[in-house]
Amino acid sequence: MDKVSPDCPYPGCFFCVMKEGNPSKRRASILKFFRELPSQDDDGQVLPISGLWNTAMAHPNDPEFIELGIFECMAALIWKGLKNRRWLSHDQNIYIPYYAAHIIGSYTMNMEEFAESAVHAGVIAPLVELLRGRLTWVEQRVAVRALGHLATYTNTFPAVASHGEILELSIQLAISSLEIVYSHFYQYVDRRISYHCDLLTRGMGGVEMESRKAEEWASQLQCWSLQLINCFAFKPEFLPTICKPEFLVKLPGMWGGLVNENSPAGIGLLRTICHHKLGRGPVASCPGIIEALCNIARSSDDWQYMAIDCLLWLIQDPSTCHKVIDKAVPALVDLAEITNLGDHKKLGDTIVNVLQECLQSQGTGRNTISNRERELIEELLNSKQRLKWEKNMPKEDLHIKQAAALVVKLEGNSLFSSGNIAGAASKYSEALSLCPMRSKKERVVLYSNRAQCYLLLQQPLAAISDATHAVCLHNPPNCHAKSLWRRAQAYDMLGLAKESLLDAILFINECSQTNDPDLSLRQNKVPDYAERLVKKQMRAAWLFREAAIKHGGVHGEGDVGDIYGHESDGSEWETASESDMGNDGRVEMGDDEDDDDSEWKNEDGRKDKYDKTTLKDIKHGYNLHLAEDES
């Protein structure tokens with residue numbers, strides 16, 4: 001190359017070339033650099049590669065390097081690292097295959113024409129070798145990312161699919177990724193490979209930062225594997241390979257953890273599978289999946305709508321309806337009051353229509369519906385009919401019904417305060433039958449209060465049902481703090497840590513924004529009972545928990561408790577009744593309406609105790625975000 005800085009010790013330095021003022025000379029020099037770099041054995045090669053990595057991250061849509069042969073160069077460098085271990089171990093060349101695969105992934109992230117250029121340059125074969133684990137899990141992560149981008153596009157998917165082992169490798173990686181990262185890096189601090197540590201933290205952190213980033217990268221490795229599998233799942237011919245029971249049953253548990261809230265992970269793949277008739281049969285044949293879908297549909301998971309879609313498609317399919325109806329109908333009935341969920345408009349109406357069609361088609365073929373499911377659907381349809389009737393009722397009659405419901409509700413509050421929990425639940429049910437359907441705020445209160453009764457009666461499924469009704473009726477949905485808290489407690493009773501954790505986190509977020517003096521965070525401090533539940537469920541839902549148990553590292557160095565903190569007093573989280581105990585030792589019913597002008601406002605109020613933990617502290621362990629093109 002012609003242009004070299006007089007202070008630069010490297011002939012043909014890439015950084016000096018980039019300073020060339022003459023555009024044609026600059027392009028010619030860059031072209032020569034890309035052609036010659038794979039055959040050179042000079043020290044310091046990692047420097048221009050890391051510079052290219054930064055450029056690809058910052059300007060992934062810039063075509064200049066694509067036109068000058070960067071993909072051919074990166075593919076050749078990966079092959080060199082795979083075939084020449086002496087070169088790989090020399091200087092800092094160990095970093096080069098990682099950077100090369102990452103550069104390919106960044107430039108193919110947005111532009112289909114770039115992906116086509118990459119395929120023509122022969123990048124798939126070396127990426128597949130990295131995917132096999134020929135180097136380490138760190139290179140597997142960027143390889144599956146790049147292959148996932150190439151598989152996204154119509155014109156490049158066939159080239160990816162032609163390598164038949166990619167799908168099987170991705171499935172195995174999705175299953176084993178967390179264990180691989182835990183056992184190969186996380187578990188033993190003193191055995192961590194130094195270049196892994198450098199890549200994870202960029203030299204900016206110690207052991208704790210390495211551990212946090214390793215968990216994030218492990219989540220990405222699993223989620224990007226699922227994203228690649230998802231590209232295959234759109235093609236019916238690949239569904240038999242994907243829809244094996246041993247893999248399907250694990251998908252609901254592949255949720256990415258709290259470090260990866262931007263990926264639909266396992267539920268996203270399940271939705272793609274359920275969208276096709278060939279996929280619905282295997283899914284419906286796994287009872288554990290249906291139950292998990294119902295739990296996700298009833299939760300405050302960001303991907304709740306995907307679980308709802310799956311249940312609706314399974315119910316609508318005559319070949320799968322009879323297999324899922326007993327579990328899907330109760331969940332969908334609980335969700336039927338929801339209006340909009342994100343971009344999904346009139347979702348509740350869709351649910352009602354599907355359930356009505358299900359009821360009308362019962363008795364034909366194998367779709368016989370049980371009395372229990374029939375009653376639930378009929379009750380739902382009657383409530384919708386009741387809403388239509390009420391629109392034609394005189395206002396005076398509606399006010400009478402409201403007043404009667406209020407009287408009964410207050411009777412329920414009195415029974416609750418006296419310790420007659422079952423009697424209180426019965427009164428709230430009676431009040432719901434009287435309360436006008438259009439009085440949504442009041443019905444939210446009644447459902448939430450009855451959910452609290454069911455908690456104390458040790459009926460968590462009924463509590464989840466009522467709390468879900470309440471959060472669906474609330475405007476906006478999934479934002480009614482007390483119902484979220486009660487459902488979090490109910491999920492905890494059932495041992496559903498992830499669902500409990502998500503509701504508890506959302507409860508804290510709502511408390512930080514509410515005007516309700518019973519719930520607002522005093523001096524930005526989290527209620528101690530909420531903090532304890534979050535900590536407990538963060539341990540139980542820890543991404544590496546299963547791997548740690550398998551490898552005997554639950555109580556060793558790097559345990560989840562070391563990251564998120566152990567209970568200072570060693571006490572267990574309090575029960576549902578204890579968390580609502582008043583100063584006199586009695587359980588009090590806190591009403592849920594925060595409109596000061598509401599006639600339903602209850603003067604009862606419990607005083608929560610707060611400790612010194614701030615909202616910022618409690619969020620620290622889980623308020624992390626995943627960027628697609630993160631290092």
Side-chain angles (χ1 to χ4, degrees), residues 133 136-142 144-145 170-193 196-197 199-201 205-227 247 249-267 292 301 495-502 504-505 533-567 618-626 630-631:
T136 72
W137 65 271
V138 166
E139 289 79 17
Q140 281 181 302
R141 169 180 167 270
V142 287
V144 77
R145 171 180 178 261
S170 300
I171 291 173
Q172 290 305 314
L173 193 56
I175 293 172
S176 61
S177 54
L178 302 184
E179 183 179 351
I180 289 172
V181 179
Y182 180 82
S183 60
H184 290 194
F185 183 86
Y186 190 99
Q187 184 175 15
Y188 300 109
V189 173
D190 57 342
R191 300 182 192 176
R192 293 177 177 178
I193 300 174
H196 286 182
C197 298
L199 287 173
L200 282 163
T201 66
V207 171
E208 184 177 350
M209 177 62 73
E210 292 169 4
S211 298
R212 289 184 183 277
K213 291 296 291 185
E215 184 175 354
E216 183 179 335
W217 280 27
S219 174
Q220 292 172 339
L221 179 58
Q222 184 177 72
C223 290
W224 290 343
S225 299
L226 292 169
Q227 177 184 331
F247 178 57
V249 75
K250 294 179 181 293
L251 285 179
M254 297 181 186
W255 64 295
L258 293 172
V259 295
N260 189 352
E261 62 182 25
N262 294 333
S263 170
I267 184 60
D301 192 297
L496 297 172
K498 183 195 81 171
E499 289 77 7
S500 177
L501 175 60
L502 293 176
I505 291 172
L533 181 59
V534 167
K535 284 185 176 180
K536 172 186 176 180
Q537 307 301 28
M538 287 176 81
R539 287 193 293 272
W542 182 42
L543 204 64
F544 287 139
R545 183 170 181 81
E546 187 175 327
I549 292 172
K550 181 176 180 179
H551 290 271
V554 173
H555 301 295
E557 190 170 13
D559 183 16
V560 64
D562 296 328
I563 294 179
Y564 296 122
H566 290 291
E567 303 283 353
I618 197 69
K619 280 185 175 180
H620 179 66
Y622 59 79
N623 195 21
L624 300 173
H625 299 273
L626 172 70
E630 186 149 352
S631 62

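For Gln537, the side-chain hydrogen bond (donor to acceptor under 3.5 Å, both in side chains) test picks out Asp492, Ser500, with sequence neighbours left out. Leu251 pairs by the side-chain contact (heavy atoms from CB on, under 4.5 Å) definition with Leu226, Phe247, Leu248, Met254, Leu269, Leu270, Ile273, not counting sequence neighbours. Shown here are the side-chain contact (heavy atoms from CB on, under 4.5 Å) partners of His184, two or more places apart in sequence or in another chain: Trp137, Ile180. Residues satisfying the side-chain hydrogen bond (donor to acceptor under 3.5 Å, both in side chains) criterion with Glu179, sequence neighbours excluded, are Lys550, His551. Judged as a salt bridge (Lys or Arg N to Asp or Glu O under 4.0 Å), and not counting sequence neighbours, Glu546 has no contacts. For Ala292, the side-chain contact (heavy atoms from CB on, under 4.5 Å) test picks out Pro252, with sequence neighbours left out. Partners of Glu499 under the side-chain hydrogen bond (donor to acceptor under 3.5 Å, both in side chains) rule, at least two apart in sequence or in another chain, do not exist in this structure. In this view, Thr136 and Glu139, Tyr195, His196 satisfy the side-chain hydrogen bond (donor to acceptor under 3.5 Å, both in side chains) rule, not counting sequence neighbours.
Counting only heavy atoms from C-beta outward, the side chains of Val181 and Trp217 never approach each other to under 4.5 Å. Counting heavy atoms from C-beta on, the side chains of Leu258 and Ile505 come closer than 4.5 Å. For the pair Phe185 and Cys197, the minimum side-chain heavy-atom distance is below 4.5 Å.
If you take CH2 on Trp255 and OG on Ser219, they are separated by 9.0 Å, rounding to the nearest 0.5 Å. Note that CD1 of Ile549 is 9.5 Å distant from OH of Tyr182, once rounded to the nearest 0.5 Å. Put simply, CG on Leu221 and OG on Ser176 are 8.0 Å apart, with the number rounded to the nearest 0.5 Å. Note that the CG atom of Leu199 and the NZ atom of Lys213 stand 11.0 Å from one another [nearest 0.5 Å]. How far CG of Leu173 is from CD1 of Ile175: 10.0 Å, rounded to the nearest 0.5 Å. A distance of 11.0 Å separates OG of Ser225 from CD of Gln172, quoted to the nearest 0.5 Å.
In this structure, Arg212 pairs ionically with Glu208, as a charged nitrogen and a carboxylate oxygen lie closer than 4.0 Å.
What you find for Cys223 and Asn260 is that their closest heavy atoms are SG-ND2, 3.0 Å. For Ala540 against Arg545, the heavy-atom pair with the smallest separation is O-CD, 3.2 Å. For the residue pair Ala218 and Leu178, the shortest heavy atom distance occurs at O-CD2, 3.7 Å. In plain terms, the two heavy atoms of Ala541 and Leu501 that are nearest each other are CB-CD2, 4.4 Å.
Listed by first then second residue, pairs satisfying salt bridge (charged side-chain N to carboxylate O under 4.0 Å, His left out) with a partner in residues 249-259 number zero, not counting sequence neighbours.
Looking only at distances, a side-chain donor or acceptor of Gln222 sits under 3.5 Å from a matching main-chain atom of Ala174.
Under the 30°/60° scheme for interplanar angles, the aromatic rings of Trp542 and Phe544 are found to stand perpendicular.
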